[in-house]
Amino acid sequence: MTERAPSTSLRPPTEFPDLAAPATISGARARRTARLATAGFAFVLVLGAVAVAAPWLAPHDPTRQALRGRLTAPTLEAADGRARLLGTDHLGRDVLSRVIYGARVSLVVGVAAVVVGGALGAALGIAAGFRGGFTDSVIMTLADAQLAFPFILLAIGIIAVLGPSFPTLIVVIALSGWVNYARILRSQVLVLRSREFVDAIHALGGSALRVIARHILPNVLSSLVVVATLELARAIVLEATLSFLGLGIQPPTPSWGGMIHEGREYLDSAWWISTFPGLVLMLTSIVVSRTGDWLRDLLDPTLRGE
Amino acid sequence: MRGVFRFLAPRLLRALIAVWLVSTVVFVVMRLSGDPVPLLLPPDAPRSEIFRVRRELGLDRPLPAQYGVFLANALRGDFGRSIHFREPAFAVVRGYLGATVELGLTAFLLAAIVAVPVGLLSAVKRNSPIDHVAMGMALVGQSAPTFFLGILGILLLALKADLFPTGGRGDWTHLALPALTLGAFAMASIARVTRSAVLEVLRADYIRTARAKGVAEWLVVVKHTLKNAALPIVTITGLQFGTLLGGAVVTETVFAWPGIGRLAIQSIYNRDYPVVQCAVFLSAIVFIMINFAIDLLYGVLDPRARR
């Protein structure tokens, strides 16, 4: 039972489509990739700093309504004499300030979902790879079943039941991602488990937990980092998608997906309400997932052929 | 014949387990979401009326019994009556299925027809401007959120350029934007995988042999390369067809497209269990059937996969 049928081993996971690409990178190319990955990482740090420093950075209160200043186009000098760099929305709230505050929701939910989903997926993946047999079959059947289904429907159902809140969102998004960690880590643990040093530790009387904590975990850490980065991009987009469908963080808390949703009705007259948070979201998603690609090339090119 | 059976049996079993798990989860989630009866009746309805409706819908029975009835009926295609539409849930979902199939197939064909040649061209003209532009666009298509691509499409192509309507179903102009939006991710993924698969094959010895023999370059590409690169391309294409189903939920909502994705979302808000269950069940079956078909295709394309 430890050997899986080829359908799962041959088939590339959906999230990592850059499959048959050459697996070797070295010299100048590696240095360039390292610089790019560093830049990507810096982008995330800056975004985090913006989220933390939102109260000082935002030029206006993000929830303060101004009915006389509704739907103001981006301008350096609005009716009240102050700049509205990205315009105002249908309630007269400052779009720039809301985009800045919106980074908080995206990052908090995204990072938390990655931590929860990563812990869950890593634990199950290591368990499946290390124990094999029945444990492996059960976990991988669950994973297959989840992949065999458009998860967003399930996410919507769960949130409709439990009501939208930070914890619900985080758990749902984490649940949507565990499979990606589990599958990658399982296949790596399968290889590691059969290595001599594992047998040696067993022979010396080391427990399974010790093997996992001291020897397996450090060996799979780089893959974990790569998957977590790719997952962060996915989690941020999923949070925005759910907010767009009205199932994310509820108004008046600004979130990018929610702003795009609110601006949708005003696309014709006030394009800036949806467009700016959307562009920031798109940029974030592209930079973070590219950073994941670069990290993979640097840390673990074998993942490409995974 | 035995070989075929041994190849098929575990896959079929896994597909059936997946269908069962999905239906069970859907049942549990929907039953947890609260009582739909107060939504159906006026707020001042007498208690006796509430109990009558509850009994009529079978909601007064214990959960395990409801689950048993649900499974037995689902196998016969009977998902109960829609609470909102007051007709059989299966009939309701079937009424919306056509729109989703139309959108999904168009998006899929569009993606495949554009992506495979683009990926091939990118690989053949590696590191040319064509390659860079195509792969840059693929990266954007792959990481951009679907719903925002749709919004951008509406803003730029429907409202500013006035080329297409902003939503609804009708002639092909209604179909163009949703299909492009829904197909964007699939298109990007297929193009990238095609490119890397073709690059891989182009490095193979038999390609050098073919060229050395003096085979025309286009024949090398079409006959020798594409055939050998087919496996990953087919896989990713099939997988993407499956993910289109999930994307349909969002795309249909953005473009007010009357398909099962939008129906499912509205039914969740209406707590219309039978319709949600039916829609989810049918999508899961379609999805799983597609995966099963890919597995079979694998066996045909790559004899090594038949063990």
Side-chain angles (χ1 to χ4, degrees), chain A residues 5-8 10-14 17-22 141-142 144-154 156-162 233-234 236-238 240-241 244-247 256-257 260-261 263-264 267-268 271 274-275 277-279 281-282 285-290 293 304, chain B residues 10-11 14-15 17-19 21-22 25-26 29-30 32-34 139-140 142-148 151-152 154-155 159 166 189 192-193 196-197 199-200 232 235-236 239 243 245-250 253-254 261 264-265 268-269 276 279-280 283-284 287-288 291 294-295 298 302 305 307:
Chain A
S7 73
T8 33
L10 278 178
R11 180 178 305 166
T14 327
D18 201 7
L19 293 160
T141 305
L142 271 177
D144 280 356
Q146 179 160 333
L147 287 183
F149 183 70
F151 188 82
I152 186 124
L153 272 182
L154 203 59
I156 292 164
I158 297 173
I159 295 171
V161 174
L162 299 176
R234 208 188 52 85
I236 289 175
V237 169
L238 187 53
T241 304
F244 175 74
L245 293 173
L247 294 161
W256 296 340
I260 299 170
H261 171 76
R264 176 161 179 5
L267 268 185
D268 209 5
W271 54 270
S274 287
T275 308
L279 289 177
L281 171 66
M282 199 155 103
S285 157
I286 292 174
V287 171
V288 175
S289 58
R290 282 304 279 158
D293 290 343
R304 297 183 138 195
Chain B
R11 286 169 178 72
R14 207 141 8 97
I17 292 178
V19 172
L21 273 174
V22 164
V25 170
V26 170
V29 167
M30 287 317 289
L32 283 175
S33 70
L139 275 176
V140 173
Q142 227 176 8
S143 9
T146 304
F147 71 99
F148 183 62
I151 297 273
L152 271 187
I154 291 176
L155 176 65
L159 292 172
T166 57
S189 308
R192 287 185 74 187
V193 170
S196 36
L199 277 180
E200 189 83 349
T235 308
I236 192 78
L239 272 177
T243 54
L245 278 172
V249 175
V250 175
T253 306
V254 173
I265 293 213
I268 284 170
Y269 289 129
V276 177
V280 166
S283 334
F287 195 105
I288 288 161
N291 277 350
I294 301 169
D295 273 349
Y298 239 113
D302 186 356
R307 278 202 234 155

Output yes when a side-chain donor or acceptor of B:Ser143 lies under 3.5 Å from a complementary backbone atom of A:Ser285, and no otherwise.
-> no
Taking side chain as C-beta onward, heavy atoms only, is A:Leu245 less than 4.5 Å from B:Phe147?
-> no
Which atom pair, heavy atoms only, marks the closest approach of B:Val254 to A:Arg264?
-> O-NH2, 2.5 Å
So do the side chains of A:Trp271 and B:Leu159 get within less than 4.5 Å of each other, counting heavy atoms only?
-> no
What's the spacing between A:Leu267 CG and B:Leu155 CG if we round to 0.5 Å?
-> 5.5 Å
Looking only at A:Gly263, A:Gly246, A:Ala240, the option with the highest number of non-hydrogen pairs under 4.5 Å against chain B is A:Ala240
When the 4.5 angstrom heavy-atom criterion is applied to B:Val249 and chain A, the contacting part is side chain
Answer whether the closest heavy-atom distance between the side chains of B:Pro145 and A:Leu281 falls below 4.5 Å.
-> yes
When only pairs under 4.5 Å are counted, which of A:Val288, A:Leu279, A:Val287, A:Leu238 shares the most heavy-atom pairs with chain B?
-> A:Leu279
State which residues pass side-chain contact (heavy atoms from CB on, under 4.5 Å) with A:Leu142; sequence neighbours excluded, sorted by chain then number.
-> A:Trp178, B:Leu21
Is there a side-chain contact between A:Thr241 and B:Thr146 (heavy atoms, below 4.5 Å)?
-> no
Would you mind checking which part of B:Ile151 comes under 4.5 Å of any heavy atom in chain A, side chain (CB onward), backbone (N, CA, C, O), both or neither?
-> both
At a heavy-atom separation under 4.5 Å, does B:Val276 approach chain A through its side chain, its backbone, both, or neither?
-> neither
